Protein chains: 2
Amino acid sequence: MKNFHPTGNCPVRDVLSRLGDKWSMLVLITLSANGTMRFSDIHKTIADVSQRMLTVTLRTLESDGLIERKVYAEVPPRVEYCLTERGSSLIPHIQGLVDWALQQMSGIMKSRVLHTP
Amino acid sequence: MKNFHPTGNCPVRDVLSRLGDKWSMLVLITLSANGTMRFSDIHKTIADVSQRMLTVTLRTLESDGLIERKVYAEVPPRVEYCLTERGSSLIPHIQGLVDWALQQMSGIMKSRVLHTP
DNA sequence: AACGATAGTTACATCCATGTAAGTTCCTTA
DNA sequence: TAAGGAACTTACATGGATGTAACTATCGTT
């Protein structure tokens, strides 16, 4: 347990807590699957995210250097997002989690029912 | 309710959202590193979790079948926790995320500073 | 002149995860 | 007789994450 420091501020916890929010992993997987996308494209793909939270999520991911934001000086505006190299390096790990969840979810749902009669 | 609850629709999101809370991954990694542990042992290892949240987290993990809870009829009580097979199968994926975070966190911190002048 | 399109921003409201503090149980030991 | 211990449980408080709705800018099109 030398990686997770139980006391004080842990940078690893900090980094991981960003991915644990409601939309970040979903956005990253979406960009990985589709390549470069406009704001409206992402919004259509993840239909139930609010405009505000999509903006907030994208800004946070950009701030951490996981995605890149390109603004084109056009009217109406055009903004494109894509994964950075750092963002791409994270994808296999998220995908690993998703695959695990897909394999296990049936059993997990059954387990939940047993534990809440 | 005007909108569907997102985790109500997608089982994968539901399962992953459980792992995204503040303590679940930490508890799983701790159990993986130390094997069977008592409640108080986990609490000592993860010093800054409140008693209540440790209880809540352990119950949730148990309900999903990721850890096993063994109660011994003694006074004072003794309760032991360990990973189930399902919980163990998740560890490599969490560890992959942790390793990634360790490799990237320095660069991420720098990126954050650049994006918040 | 009004409208639509895109990608936001702002102010405000609400919910839920988490925290705090105290109470509970039952036996053992001083 | 009372304190101590493990593992909770309950009631209440709080803050941060998320949601809602309205507003913005600009230009070409109707």
Side-chain angles (χ1 to χ4, degrees), chain A residues 6-7 9-10 13-14 16-27 30-31 36-64 67-82 115-116, chain B residues 1-10 13-14 16-27 30-31 36-64 67-82 115-116:
Chain A
T7 59
N9 275 344
C10 173
R13 279 199 222 176
D14 184 315
L16 290 187
S17 75
R18 302 263 212 175
L19 302 174
D21 70 7
K22 198 165 174 182
W23 304 112
S24 289
M25 289 203 203
L26 216 43
V27 167
T30 300
L31 282 177
T36 298
M37 296 176 82
R38 303 182 59 164
F39 183 92
S40 52
D41 294 329
I42 304 175
H43 202 177
K44 276 170 211 156
T45 305
I46 309 172
D48 55 342
V49 65
S50 68
Q51 195 178 38
R52 195 182 90 87
M53 282 316 298
L54 184 53
T55 302
V56 168
T57 303
L58 289 168
R59 290 294 149 83
T60 304
L61 292 173
E62 187 200 7
S63 160
D64 281 10
I67 66 175
E68 189 186 349
R69 181 171 181 265
K70 290 180 211 154
V71 184
Y72 296 86
E74 300 175 1
V75 170
R78 180 159 61 103
V79 181
E80 288 182 347
Y81 296 91
C82 61
H115 282 269
T116 52
Chain B
M1 274 190 295
K2 201 173 178 182
N3 292 332
F4 299 107
H5 198 275
T7 56
N9 289 347
C10 175
R13 279 198 224 177
D14 185 314
L16 290 187
S17 75
R18 301 264 212 176
L19 302 175
D21 70 6
K22 197 167 175 181
W23 303 111
S24 289
M25 289 202 202
L26 214 44
V27 168
T30 299
L31 283 176
T36 297
M37 297 176 82
R38 300 183 60 166
F39 183 91
S40 52
D41 294 330
I42 304 175
H43 203 177
K44 276 171 211 156
T45 305
I46 309 173
D48 54 344
V49 65
S50 69
Q51 193 178 39
R52 196 183 90 87
M53 283 315 298
L54 184 51
T55 302
V56 169
T57 302
L58 290 168
R59 289 294 150 83
T60 303
L61 293 173
E62 186 200 7
S63 159
D64 281 10
I67 66 175
E68 189 186 347
R69 181 172 183 267
K70 290 180 213 156
V71 184
Y72 297 86
E74 300 175 1
V75 169
R78 180 159 61 102
V79 181
E80 289 182 348
Y81 296 91
C82 61
H115 282 269
T116 52

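So you know, we letter chains A, B, ... as the sequences are listed, proteins then strands, and number each from 1. Remember, it's a predicted structure, so these values are computed and weren't measured experimentally.
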Measure [atom1]/[X] against [atom2]/[N] and give the value in whole Å, please.
X        : N       : atom1 : atom2 : value
Met53(A) : dC16(C) : CE    : C1'   : 14 Å
Ile46(A) : dT18(D) : CD1   : P     : 13 Å
His43(A) : dG8(C)  : NE2   : P     : 12 Å
Ile42(B) : dA7(D)  : CD1   : C1'   : 12 Å
Leu58(A) : dT18(D) : CG    : P     : 13 Å
Arg18(A) : dT18(D) : CZ    : P     : 12 Å

4.5 Å side-chain heavy-atom contact, Leu58(B) and Arg69(B): no
Under 4.0 Å between a side-chain N/O of [X] and OP1 or OP2 of [N], yes or no?
X        : N       : value
Tyr81(A) : dG8(C)  : yes
Arg38(B) : dA6(D)  : no
Ser40(B) : dA7(D)  : yes
Arg69(B) : dC8(D)  : yes
Arg59(B) : dT9(D)  : yes
Lys22(B) : dG19(C) : yes
Arg52(A) : dA22(D) : no

Touch class at under 4.0 angstrom, heavy-atom based, for Gln51(B) against every strand present: base
Side chain of [X], heavy atoms from C-beta onward: which of [options] has the nearest atom to it?
X        : options                  : value
Phe39(A) : dA6(D), dG19(C), dG8(C)  : dG8(C)
Val75(B) : dG8(C), dC27(C), dT18(D) : dC27(C)
Pro76(A) : dA7(D), dA5(C), dT18(D)  : dA5(C)

